[in-house]
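Just below is one structure, and these are the notes that go with it.
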Amino acid sequence: MLDATNRVREVTARLEARYGVAVREGASDAVEMLVACILSQHTSDANSHRAFESLRARFASWEAVVEAPTPAVAEAIRGAGLANTKAPRIQEALRMVREREGRFDLERLAGLPDADARHYLMSLPGVGPKTAAIVLCFALGRPVLPVDTHVFRVSWRLGLVDRRRGEGRAHDALGAIVPPELVYRFHMALIRHGRQVCRAPEPRCGLCPLTDLCAYYAACVAPAAPAQRDD
């Protein structure tokens, strides 16, 4: 039986054979990514993208966002939902970055150890493990694994993490078994598989190339399958 890290390697290889190998896009600005992630919480990608574009159209700079009345910021991001909660979080997070760095810039995090960079981000309002990991992985190119709903669902069904731990604690559990060089590719492969095959609430196991590696399939699907007759 494969150990956890080699199972991750095998899962990644099979999913990449199905969906292709994810290639990193150019680095994004870390402060923009931070604000976009706060906006994306508890809403769809489409809604959060429109809210981000609305925020940038309404205010000429991050300085302007910080100095604006909070209701004005909330109005600009209304489409993302929870605007009255997200607006003050965005303003305070930007204010703290400016106070610490002297400007709206997070590039210094690139020189910190992963744990220190994550601690820095999680000390900002509205930033939990997933948001911190997204900023570190996608904006700064760090081997820090973001665990969203798709990554978590596919991972616990495969038996790589305990479902009872929840998404937040799964970051550490998966981070311990996913090789640094595979972090981005594993993340993207599981998102693609979670959207297309390993769906909630019912996975499409008949289309899955991972059933022989999957704890959920072994426990819940295979026992219910019709027995094969040996005529």
Side-chain angles (χ1 to χ4, degrees), residues 1-28 30 33-34 36-37 40-41 45 106 109-122 127-200 203 205 207-219:
M1 180 178 292
L2 297 174
D3 63 22
T5 295
N6 281 320
R7 287 184 69 209
V8 166
R9 294 185 187 279
E10 181 66 18
V11 165
T12 305
R14 292 191 195 182
L15 293 182
E16 289 182 340
R18 170 74 65 89
Y19 304 112
V21 178
V23 178
R24 280 187 181 273
E25 300 177 357
S28 303
M33 183 71 71
L34 172 66
C37 284
S40 72
Q41 295 165 3
D45 290 344
L106 288 170
L109 298 188
L112 296 180
D114 291 339
D116 292 347
R118 186 168 70 166
H119 177 76
Y120 179 113
L121 288 167
M122 289 180 61
V127 179
K130 182 171 73 172
T131 292
I134 289 172
V135 172
L136 291 172
C137 182
F138 285 86
L140 297 173
R142 305 293 290 269
V144 179
L145 178 68
V147 180
D148 72 350
T149 184
H150 299 295
V151 173
F152 180 60
R153 181 174 64 256
V154 178
S155 293
W156 72 252
R157 282 178 175 164
L158 287 171
L160 295 174
V161 296
D162 186 341
R163 184 182 187 181
R164 295 169 296 182
R165 297 185 66 147
E167 287 183 29
R169 295 176 65 189
H171 283 82
D172 291 334
L174 285 172
I177 63 173
V178 179
E181 70 275 11
L182 286 184
V183 162
Y184 177 81
R185 290 164 53 190
F186 177 81
H187 171 82
M188 296 301 297
L190 262 64
I191 287 178
R192 290 169 174 173
H193 195 57
R195 287 174 174 168
Q196 297 186 36
V197 174
C198 198
R199 297 176 176 177
C205 296
L207 302 178
C208 182
L210 304 175
T211 53
D212 61 311
L213 300 174
C214 182
Y216 176 89
Y217 183 85

Is [Y] close to [X] at the side-chain level, that is, under 4.5 Å between some pair of heavy atoms?
X: V183; Y: V144; answer: no
X: Y216; Y: C198; answer: no
X: R153; Y: P203; answer: no
X: L121; Y: L106; answer: yes
X: P209; Y: L15; answer: yes
X: R24; Y: C137; answer: yes
X: R9; Y: T12; answer: no

Nearest-0.5 Å distance, [atom1] of residue [X] to [atom2] of residue [Y]:
X: H150; Y: R199; atom1: NE2; atom2: CZ; value: 10.5 Å
X: N6; Y: I177; atom1: CG; atom2: CD1; value: 11.0 Å
X: E16; Y: L182; atom1: CD; atom2: CG; value: 7.5 Å
X: I134; Y: M33; atom1: CD1; atom2: CE; value: 8.0 Å

| request: Test L190 against V11 for side chain to side chain contact (heavy atoms under 4.5 Å, CB included), laying out the working first. | output: CA-CA 9 Å; L190 262 64; V11 165; 4.1 Å; yes

Which pair of heavy atoms, one from [X] and one from [Y], lies closest together, and at what distance?
X: D148; Y: K130; result: CA-CD, 3.7 Å
X: A30; Y: A139; result: CA-CB, 3.7 Å
X: T211; Y: C205; result: CG2-O, 3.7 Å
X: R157; Y: A200; result: NH2-CA, 4.3 Å
X: V23; Y: Y184; result: O-OH, 3.5 Å
X: A133; Y: P146; result: CB-CA, 3.6 Å

By side chain to side chain contact (heavy atoms under 4.5 Å, CB included), which residues pair with [X], not counting sequence neighbours?
X: A117; value: L109, L112, L136, R142
X: D212; value: R14
X: P180; value: P143

[X] side chain to [Y] backbone, donor-acceptor under 3.5 Å:
X: R7; Y: D3; value: no
X: S155; Y: F152; value: no
X: H187; Y: V151; value: no
X: R192; Y: R18; value: no
X: R118; Y: A132; value: no

| message | The test is side chain to side chain contact (heavy atoms under 4.5 Å, CB included); show your working for I191 and Y19 and say whether it passes. | response | CA-CA 11 Å; I191 287 178; Y19 304 112; over 6 Å; no

